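Keep in mind that the numbers below use all heavy atoms, side chains included, and drop hydrogens, waters and symmetry copies. Every value quoted in this text rests on a predicted model; they were computed, and no experiment measured them. In what follows, residues are counted from 1 in the order of the sequence shown. Remember, it's 1-based here, ligands and their atoms both numbered in the order they're listed.
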Amino acid sequence: MDLERILNLNQFEAHAREQMEPDAFAYYCGGAGDEITVRWNLDAWNRFSLQPRVFVDISSVDTSSSMLGTPVSMPVGFAPTALHKLAHPDGELASARATGQAGALICLSTLSTYSIEEVAKSGGGPRWFQLYVHKEHELAIELVQRAVASGYSGIVVTADLPVPGYRERELAHDLTVPEDASPANFPNTATEEEFNDYLDHLHDRSMTWDDLTWIREAASDVPVIVKGILTEEDAVLATEHGAAGIIVSNHGGRQLDRSPAPIDVLEAIVQATAGDCEVFLDGGVRRGIDVITALALGAQGVFVGRPLLYALAAAGEPGVGRALELLRAEIDNAMTLLGVARVDAITRAHIRQS
Ligand SMILES: Cc1cc2nc3c(=O)[nH]c(=O)nc-3n(C[C@H](O)[C@H](O)[C@H](O)COP(=O)(O)O)c2cc1C
């Protein structure tokens, strides 16, 4: 495909739909229930207008930033997403390389189809690791320790998936994961029975805030980030329990339908945490102006899920590279027109809520 003809992130979806098996595409695109939250995630941005300032010296605009101490070319990461081989045989290796090449950060899912170590050796850039907490905590600790040993610079604990949401598209299509696209991180899962047993126990429903203690210990000096926060109360609890960062997220609308769009609750959460941790956001980020809106409301950075998966399905590593290049160019252009030369010069005064 001619990637030069793709002009924005939304355009990858139609190509992905053509390339992918229908059940795998339904798994990627679907959300929970009536997919109200999926739609809110996309629509909520339109309630914010941008307030451009003029005659500011923007002869050189710099989109670079940092995410918990990791320098990045733009404050954007590839959200942790399972099973990249459903999109492309090069899976997370391609995703990590393209993201690294763009100077951005990738968060590898527990359910990745290349292992923690394989992705670390792939020649990509900065990496965080996302953890689903197995009922047998020893198994979760092992994953964290492997990520730390392989140079991952953040451990993202996903808090909003004690059980999967009620995802009707997935149920209707009954996803079968081909053997060569199964998760790669799990030990002692040689037989199908052992493997299914592992997956059945992957989510510890009894988790409470105190469990962050042993996860932080396993992570040693690597910062722990809690993903799936939607209230001020939980944001404060996360910082009280030692989280260095939180990701305001509703899991891309895949968990509790009618939970709010992250951008609608971001500002209150940033104010509640009062600078005690870095606040990130994901859900519906599709445009450079979305990134700027999130930063203006106090986010340190954002993550993008589906559009990058679609770019991977459409054209592998170059596809993800093209998507990130487009996003960086959009951020650069919007900063220039907004009259801000540096990311940390974007303030609340640059947006208005209608
Ligand atoms: C196909 C797919 C798989 C996902 N897998 C995971 C996962 O393994 N771990 C996790 O924490 N979040 C997972 N997520 C949620 C994303 O990290 C992120 O919250 C969401 O995709 C952001 O919304 P967006 O897709 O609108 O950008 C997944 C999302 C999708 C679409």
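Taking the side-chain contact (heavy atoms from CB on, under 4.5 Å) definition, one finds that Q300 meets it with S65, S66, E278, F280, sequence neighbours left out. Residues forming a side-chain contact (heavy atoms from CB on, under 4.5 Å) with R97 (at least two apart in sequence, or on another chain): L93, S122, E317.
Contact of the I247 side chain with the V156 side chain is registered, since non-hydrogen atoms from C-beta on lie closer than 4.5 Å.
Closer than 4.0 angstrom to ligand 1 by heavy atom are Y27, Y28, A79, P80, T81, A82, S109, Q130, Y132, T158, K227, S249, H251, G252, R254, D282, G283, G284, R286, V304, G305, R306, L309, sorted by chain and number.
Between P260 and W40 the shortest heavy-atom distance is CA-CE3, 4.4 Å.
Residue pairs satisfying the ring pair (Phe, Tyr, Trp, His ring centres under 6.0 Å) criterion with at least one member in residues 299-354, sequence neighbours excluded, are listed as follows: F25-Y310, W128-F303.
Taking the centre and axis of the six-membered ring of Y27, the NZ or CZ atom of R254 falls inside the cone set by 45° and 6.0 Å.
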